[in-house]
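Take a look at the structure set out below.
By convention in this document, chain letters (A, B, ...) are assigned in the order of the sequence lines, proteins followed by strands, and residues within each chain are numbered from 1.
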Protein chains: 4
Amino acid sequence: MPHTDTARLLIACDDQPGIVAAVAGVLAARGVNIVSLDQHSTEDGRFFQRTVLQVDGFAAQRPELEAALGDVAERFSMEWSLHDVARRKRVAIFVSKYDHCLMELLWRTQRGELDIDVTMVVSNHPDLAESVRTFGVPFVHIPRGAGDDAKAEMESRQLEMLQGNVDLVVLARYMQILTDDFIEQVGAPVINIHHSFLPAFIGANPYARAKDRGVKLIGATAHYATADLDEGPIIEQDVTRVTHAESAAELQRRGADVERFVLARAVKWHAEDRVIVHGRSTVIL
Amino acid sequence: MPHTDTARLLIACDDQPGIVAAVAGVLAARGVNIVSLDQHSTEDGRFFQRTVLQVDGFAAQRPELEAALGDVAERFSMEWSLHDVARRKRVAIFVSKYDHCLMELLWRTQRGELDIDVTMVVSNHPDLAESVRTFGVPFVHIPRGAGDDAKAEMESRQLEMLQGNVDLVVLARYMQILTDDFIEQVGAPVINIHHSFLPAFIGANPYARAKDRGVKLIGATAHYATADLDEGPIIEQDVTRVTHAESAAELQRRGADVERFVLARAVKWHAEDRVIVHGRSTVIL
Amino acid sequence: MPHTDTARLLIACDDQPGIVAAVAGVLAARGVNIVSLDQHSTEDGRFFQRTVLQVDGFAAQRPELEAALGDVAERFSMEWSLHDVARRKRVAIFVSKYDHCLMELLWRTQRGELDIDVTMVVSNHPDLAESVRTFGVPFVHIPRGAGDDAKAEMESRQLEMLQGNVDLVVLARYMQILTDDFIEQVGAPVINIHHSFLPAFIGANPYARAKDRGVKLIGATAHYATADLDEGPIIEQDVTRVTHAESAAELQRRGADVERFVLARAVKWHAEDRVIVHGRSTVIL
Amino acid sequence: MPHTDTARLLIACDDQPGIVAAVAGVLAARGVNIVSLDQHSTEDGRFFQRTVLQVDGFAAQRPELEAALGDVAERFSMEWSLHDVARRKRVAIFVSKYDHCLMELLWRTQRGELDIDVTMVVSNHPDLAESVRTFGVPFVHIPRGAGDDAKAEMESRQLEMLQGNVDLVVLARYMQILTDDFIEQVGAPVINIHHSFLPAFIGANPYARAKDRGVKLIGATAHYATADLDEGPIIEQDVTRVTHAESAAELQRRGADVERFVLARAVKWHAEDRVIVHGRSTVIL
């Protein structure tokens with residue numbers, strides 16, 4: 001898909017007759033071509049639409065197009081946003097010591113498989129500095145100090161770096177729990193990757209406890225982080241089959257492979273404006 | 001989803017600006033509500049759209065709606081069709097001696113999971129008569145006689161029963177190869193289920209040959225039957241993992257499970273007007 | 001595999017040198033052929049072995065073979081059991097109103113894919129009587145009465161029918177919770193099938209709650225029932241991929257398909273003496 | 001698993017009574033502990049066994065142990081080999097321009113997930129030199145010259161480097177077809193990774209042709225290369241689900257992810273002496 005003069009229009013409103021016609025009418029009147037249109041109506045009466053548009057001279061046309069869309073949006077009480085595909089999302093990746101998710105994201109970005117700009121990697125440990133800088137990406141070490149205020153100070157320094165500078169924060173096995181304050185103030189969505197099993201094992205040493213229960217599948221879940229860390233809207237999940245012959249350490253390695261791919265897919269879909277949050281769930285268009 | 005007053009509109013035409021707006025405009029002008037809309041544009045410039053509509057008093061409104069759609073269709077050189085969801089597709093299932101795919105379809109239909117009417121089961125063997133009649137479905141035994149004309153005669157008798165009476169023919173492990181003539185004359189699409197492996201094994205005893213090559217996956221492919229039987233547009237595929245410890249007979253049983261589910265999904269999607277053929281491929285909307 | 005004169009030997013003991021040699025020596029000395037041998041040593045030092053044996057004139061040889069094995073077992077402090085493959089396990093299936101798991105088990109047994117004898121189906125509802133009797137299997141309706149003692153009375157009647165008469169109880173979506181007393185007294189292992197998700201949803205309406213969280217995978221877990229119902233050793237698990245476009249009701253149907261296959265595999269492995277319980281987990285040999 | 005004093009014993013012979021007892025007897029007599037034992041008998045009467053052994057002072061004990069095993073081997077006409085786990089297999093990786101499989105192998109080796117020594121990467125193109133040397137691995141550029149003898153000369157130079165120096169050659173999307181002579185003379189097994197689809201598409205542009213047929217799954221197969229390149233014994237296979245909405249280029253990217261993981265698993269299993277070739281198939285123990 002050529003990126004020049006391509007935009008993505010996201011719409012959310014209460015379901016009602018005439019939405020598609022009204023929006024498509026505005027676009028057709030301005031000679032805008034619909035490259036693709038996906039929509040979904042939920043059982044509780046909410047309507048979502050993602051439309052990819054080809055707009056000749058998008059930069060020049062944008063103000064007029066936004067004005068026209070604004071009129072329609074008001075009529076239907078829509079939330080909406082228009083994204084220039086040529087403007088890549090700026091992404092900060094948070095890590096601690098595990099590198100598998102980080103490397104997968106850097107590698108795919110370098111190969112052109114993830115249409116994002118990784119503008120910085122932030123870590124509370126210095127270990128991964130060299131691996132990151134090899135990719136020409138800045139590595140920022142913000143350690144957690146001692147004392148009661150250590151976490152607040154660390155988050156304060158992180159927020160200074162992030163606010164206004166990033167469109168997305170990815171927690172790539174970052175081992176600190178973010179405070180609710182941080183999530184509210186960072187000004188960008190936060191994607192987290194979480195190991196997950198059937199049944200779920202909450203707390204420490206999940207792989208050892210999964211091994212203890214003899215699970216036959218291990219998996220991972222990528223979700224938006226919210227105040228309640230493991231409970232945000234789910235973006236993507238996957239599993240892999242394991243057997244009794246694999247040790248807890250091997251389960252962890254197998255789980256790492258699933259985490260890499262699940263997180264890479266979630267970031268890709270977010271970067272392509274495919275993920276719409278609806279209450280505690282997501283619609284992937 | 002309530003079926004009363006619900007219709008599905010399928011559209012195919014060359015991709016061009018204004019299609020969505022024109023169709024949505026016609027619908028909005030008549031107070032028709034769009035329940036869902038899925039579309040896809042191919043890289044070679046073809047446009048496909050499936051729209052589920054809520055039309056108050058559909059039977060009465062239909063002629064006027066069709067006239068209005070016909071005008072738009074002419075303008076954009078569209079192929080189009082409008083399907084009344086309340087009118088279930090009439091399906092004939094062809095079998096020989098294997099019953100696993102047949103039973104799966106009858107069972108799911110009985111449980112309300114497949115929105116079809118199985119109007120007859122046709123077989124060249126009498127073996128499955130009782131199993132079929134238990135479901136209250138007519139079983140028609142049309143054996144293949146001897147002599148040069150046996151196949152032509154058998155197909156001639158089959159065509160008499162089918163023409164005008166069915167909307168879909170499903171080959172549920174029917175072990176006779178249909179002639180091109182039959183497929184052209186039957187007047188309904190034909191769905192076939194085919195074992196398939198990685199790599200593919202064409203010809204007799206595929207499971208024994210797959211075993212001989214030590215395959216680690218076995219699978220199945222549901223496709224529309226065309227003149228060239230195993231080569232029609234693919235509707236659905238799936239695989240399951242196997243090991244060296246399983247005999248060729250066990251591979252066949254494992255394959256049968258995959259066939260059951262793959263065929264059931266393909267028939268369900270076809271029954272819901274989700275499958276659009278584009279050249280040798282399909283678009284599933 | 002021919003069943004005549006075939007036996008399965010299961011062994012569990014603390015891991016130590018010489019076990020394999022000692023057992024194989026006893027067998028070789030009696031001209032017993034090892035058809036297959038699978039073993040597993042756990043990280044916590046426990047040894048498990050499943051051996052399939054060809055024993056000419058097994059019935060006649062059995063006492064002497066057992067005496068010889070008993071000597072070895074004593075030396076290594078083994079738990080062990082010897083199973084005649086020709087003697088199918090007698091199975092009671094418990095159901096309530098859902099029939100999908102029940103039908104899958106009856107169907108596969110009838111087709112020779114499950115090497116068990118279903119000796120009775122027990123239900124607290126009369127609904128599935130006809131479906132069961134079609135397969136020539138007795139259906140026993142034991143309703144739950146009113147009053148404080150209703151459950152105890154129901155279980156008491158169930159135990160009367162089961163004790164000594166069955167080798168396995170399968171809960172095929174039986175919607176009553178078994179008491180600890182029942183599980184202890186029934187004298188046979190109990191296999192249960194449980195919906196499962198990532199993350200887990202405990203309690204009522206799991207599919208509605210999974211839909212609410214936007215899960216991308218739904219699954220099922222077959223496990224041995226113990227005092228704490230959902231927490232017994234896991235035998236088998238599987239998942240299927242779902243999307244936001246599927247309603248909670250559709251998720252439930254998709255989940256039912258996974259449940260059918262997962263339970264069928266768990267029963268098959270148990271019937272073939274492949275499942276060994278080790279603490280809270282299982283070893284599948 | 002600790003590697004010191006650990007060995008793997010592989011055995012293949014015609015199936016016959018007494019094999020397990022004889023081998024286990026030899027081991028027990030020398031105080032060798034069996035860590036794990038996996039065996040498989042094929043339907044055509046061939047017996048395979050993989051045994052992991054703990055041998056105190058393996059280096060010193062080895063000659064005597066081999067002599068004792070040799071006696072048993074002669075009695076049963078066994079092929080056998082004994083592998084010191086502490087001695088990692090020396091691996092040469094062949095590449096052309098695609099780097100995804102190469103990077104996956106180098107990365108996993110660096111992280112300790114693949115127990116191999118990558119002693120060199122050989123390529124007919126210079127492009128990947130820097131990526132390889134970053135890992136501290138020698139990169140050898142052996143271009144294909146012009147003229148009728150170009151291929152023979154290239155292979156001759158490759159053979160000089162490899163013979164006696166490597167235990168395994170991995171073709172990580174190497175785009176030249178090896179000659180039968182090369183495979184016979186290289187003196188080490190060769191593992192290849194091959195895209196594969198349902199159905200299989202042989203020849204040029206497989207992803208474009210798969211797209212053209214509307215395949216719903218794409219996959220990869222890792223196999224030993226033999227004279228007939230795409231037809232060697234299969235080690236591992238996997239697939240991923242795709243839709244009509246993905247372009248041929250996207251299918252290729254999705255296929256690359258499957259190739260990475262399938263090849264990594266195949267190399268891991270080979271490195272752990274788990275893969276035994278039996279005719280045109282493999283047994284994975």
Expected output: side-chain [X] to main-chain [Y] donor-acceptor under 3.5 Å:
{"X": "D:Glu64", "Y": "D:Gln61", "value": "no"}
{"X": "C:Glu74", "Y": "C:Asp71", "value": "no"}
{"X": "D:Asp5", "Y": "D:Phe58", "value": "yes"}
{"X": "C:Lys211", "Y": "C:His244", "value": "yes"}
{"X": "D:Thr282", "Y": "D:Ile284", "value": "no"}

Part of residues 10-17 of chain C lying next to chain D, heavy-atom separation under 4.5 Å: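 Listed by number: C:Gln16, C:Pro17.
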Between atom [atom1] of [X] and atom [atom2] of [Y], what is the distance when rounded to the nearest 0.5 Å?
{"X": "C:Leu168", "Y": "C:Ile191", "atom1": "CG", "atom2": "CD1", "result": "4.5 Å"}
{"X": "C:His100", "Y": "C:Ile193", "atom1": "NE2", "atom2": "CD1", "result": "8.0 Å"}
{"X": "C:Ile34", "Y": "D:Phe47", "atom1": "CD1", "atom2": "CZ", "result": "7.5 Å"}

N-O pairing of D:Arg274 and D:Asp38 below 4.0 Å: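 D:Asp38 and D:Arg274: not salt-bridged.
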Presence of salt bridge, D:Glu79 and D:Arg46, under 4.0 angstrom: yes
Contact leader toward chain C among D:Leu37, D:Val26, D:Val20, D:Asn33, where contacts are heavy-atom pairs under 4.5 Å: D:Leu37
Contact listing (chain C partner; residues 253-260 of chain D; heavy atom under 4.5 Å): none
Residues of residues 261-271 of chain D near chain C, each having a heavy atom less than 4.5 Å away: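 When heavy atoms of chain C are the reference, residues 261-271 of chain D contributes no residue within the under-4.5 Å range.
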Pairs satisfying salt bridge (charged side-chain N to carboxylate O under 4.0 Å, His left out), at least one member in residues 48-63 of chain C, at least two apart: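 The answer is C:Arg62-C:Glu66.
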side-chain hydrogen bond (donor to acceptor under 3.5 Å, both in side chains) partner of C:Thr221, the single match among C:Gln237, C:Glu236, C:His194: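 Among the candidates, only C:Gln237 passes.
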Over 12 foreign heavy atoms within 6.0 Å of CZ, D:Phe76: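 Count over threshold, so yes.
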